[in-house]
There are 2 protein chains.
Amino acid sequence: MVNGQPQRGPTIYDVARAAGVAPSTVSRAFSRPGRVNAETAERIRAVAEELGYRANPLARALPTGRTALLALVISDVTNPFFFDIIRGAEEAASKAGYTLLVADAHESATAERETLERMITLVEGVVLATSRMSDSAIRVIAKQRPTVVLNRALTDVPSVLTDNARGMRRAVEHLAELGHHTITYVAGPEASWADGMRWRSLHDGAYELELRSRRIGPFPPTVRGGRLAAIELAAHPTSAVVCYNDLIAIGVVRGLTELGARVPAEVSVIGFDNIFGSDFCSPPLTTVAAPLRALGDQSIKRLLAQLRNSAPTESRPTMLPAQLVVRESTARPGRRRKAWTRAAAVGAAALSSADQPSKRSPTAASAATSPGTRARTPE
Amino acid sequence: MVNGQPQRGPTIYDVARAAGVAPSTVSRAFSRPGRVNAETAERIRAVAEELGYRANPLARALPTGRTALLALVISDVTNPFFFDIIRGAEEAASKAGYTLLVADAHESATAERETLERMITLVEGVVLATSRMSDSAIRVIAKQRPTVVLNRALTDVPSVLTDNARGMRRAVEHLAELGHHTITYVAGPEASWADGMRWRSLHDGAYELELRSRRIGPFPPTVRGGRLAAIELAAHPTSAVVCYNDLIAIGVVRGLTELGARVPAEVSVIGFDNIFGSDFCSPPLTTVAAPLRALGDQSIKRLLAQLRNSAPTESRPTMLPAQLVVRESTARPGRRRKAWTRAAAVGAAALSSADQPSKRSPTAASAATSPGTRARTPE
DNA sequence: CAAGTCATGGCAACCGCTTGTCATGAACGG
DNA sequence: CCGTTCATGACAAGCGGTTGCCATGACTTG
């Protein structure tokens, strides 16, 4: 395009003139089905088509406030956790005739607020996925536009949650069954509501099953954060680790491996969310799968319900089930536990020995065997 | 919030009344710095602050056309390829005071066109990343709004590209150095411009280095697509495979492994893009790294330049360098090539034997060893 | 046949901000 | 002392739709 100004197309006035009716009639022909004589409407539609008329969403939104835009604020685009959430949300939104504005908060409450500030006036509703903002900041938002929070509970603000408690419970049971006695929780961001929830559930579950639990962290919810955690883990070894999320878990596995610990032979690691990549990392991660797509879908649906009813429909949180996916990062505890800790204590980048493939029974039917793999790390 | 209608805040009229000036003066106090007496402006600003006045972007955009919105259309949110592109783009956009609208085309030209249709009137400019639309469809878009295409060349439409040719050349050289004689290219979507480009470069490079090349596909650019490709590869074995992208490469590796072929001992696999996950899959992928972040950043910058100059500034494509990242999915060709093909021919889900860890020299200094890993696949 | 209904289309007033144009008066120069 | 110039602020016309209300005329009904 040549000129800088956005091109303006034909307006209802042009259509009206061409069709020999009033602009208001053109408007109604489109937005108010029965309000206009069928034949007239048809004629108008034909003329509009011919002229290439396209309603200007801005102009429409100005008097009505209906922008047909919904915002989905996520804490980090770079986190695969949000893939399917976005997908689910996008689908639900566009099916309802809305366009989704995806905004990234860069894991920062400030950035989140600023971004929100910028687009709140533009959208009809907001989904805050894994928000890093304070409760009160969220309430400020909720006062301006219908709001739904994802993976966070907040009185008076509708929310959709994963059943972390049950998921975590299953993870703990799994480890208990394998024979572990102590579980270490690798914590994620302090600002994360889910993090507190998960830790509490682990703690309670462990208590009931008579296991010991401890917690380290917080760590950034990234692969890098997980590797940091691995170093700390090396200092105080356990046989079983549950991580805030898969990203951390992947980092932990890699970090431990580099430090010479074998996963799962010496340390079992469980992640959370079942993100893209958790099945093809090495070893494939045992993880508590979040219903990602459904989370996105449901949060938009709740938002739409609110938009329609013009009142926060019953504010009980929507609770979606989690599911333990057992892969190959967990096994019964071995005994060579001290070996790698010492190695780690000595130096950094490991000089371990573990060479024979781990022996554990595959959890599912199919059982092809793959060659070993090295753990070099070109970060 | 209680009422359904988006809340309307104070307007310039309210501010004007409270400050005892005309609305136009309030408007200018904000948008036209020197146009209003400094003291008056200060007073207005104070009153506005006190009233909590926030300019309504819609109302502002209506007469001016300046929505401060930019669209980034990507072919699939679920593809990690776009992570850092989005990041880079988002950053560049918000630094320039624009908000980025990220839209997903679901790998479909139709969906892409529809989405675009819906938001083109809303945005000031468009970046088409890895578009699946036809050239002519893109030109139609470009006629309506300033447009930049990413990873695609198109006369008259500014573009930013990765130097695929050179990257592919490096990949081919790498395989040649290792001693491979034939290279199979696993093709991605036919609608992808980059796909054609990559294949051509591979073909040419192979020719010059006196290797043989062939091509299979197209396959969907997903892990799943890669596994499909693996089956086809099993029918016509080669020692070296270059894939359209990392996702396919990961799928190929997994598929081959399940079929009983050892990677890289029997088959070397190279991916493209260096996406999230390509470093922690098993084995870590040798890949041609695209400058993802820079791609996002540069495409927005070009778009902004166009927006400012109100004319497509010099239309030479911006070319960004690619880089071969050698990890562990490539090695010199082995001889047991026939083994896995037969196995594959026999049945599907593999029953291979390969058990001893592969032996190859790590490419970099550090060299910790990890235990073997199973290839079960809970898809 | 008069009065009441109803379907249909037009008029005009917004929505909130931008901006071209003009009025006003102070400062300034000759 | 008068005519210019300039800074400042107000007026009002849009931008492109939406929508409440009214006018018109056809049709129904008693």
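Here Arg35(B) lies in heavy-atom contact (under 4.0 Å) with a base.
Between the side chain of Arg139(B) and the backbone N or O of Thr155(B), at least one donor-acceptor pair lies under 3.5 Å.
The base of dG16(C) is not paired with the side chain of Tyr13(B) by any donor and acceptor separated by under 3.5 Å. Between the side chain of Ser24(B) and the base of dC11(D) there is at least one donor-acceptor pair of N/O atoms closer than 3.5 Å.
Straight-line distance from the CZ atom of Phe30(B) to the C1' atom of dT19(C): 17 Å, rounded to whole Å. At whole-Å resolution of the value, CZ in Arg28(A) and P in dT19(D) are 10 Å apart. Following rounding to the nearest Å, Glu39(A) (CD) and dG9(C) (C1') show an atom-to-atom distance of 14 Å. Here the P atom of nucleotide dT8(D) and the CD atom of Glu42(B) are 15 Å apart, to the nearest Å. Rounded to whole angstrom, the span from the CG atom of Asn37(B) across to the P atom of dG25(C) amounts to 17 Å.
The ring of Tyr53(A) has its center closer than 6.0 angstrom to the ring center of Phe30(A).
Taking the C1' atoms of five terminal pairs at each end of the helix from dC1(C)-dG30(D) to dG30(C)-dC1(D), the two resulting helix axes are inclined by 50°, rounded to 10°.
Applying the side chain to side chain donor-acceptor pair (under 3.5 Å) test to residues at least two apart or on different chains, none of the pairs has a partner in residues 29-50 of chain B.
For residues 44-62 of chain B, proximity to DNA chain D is found at Leu62(B), defined as any non-hydrogen atom under 4.0 angstrom from a strand atom.
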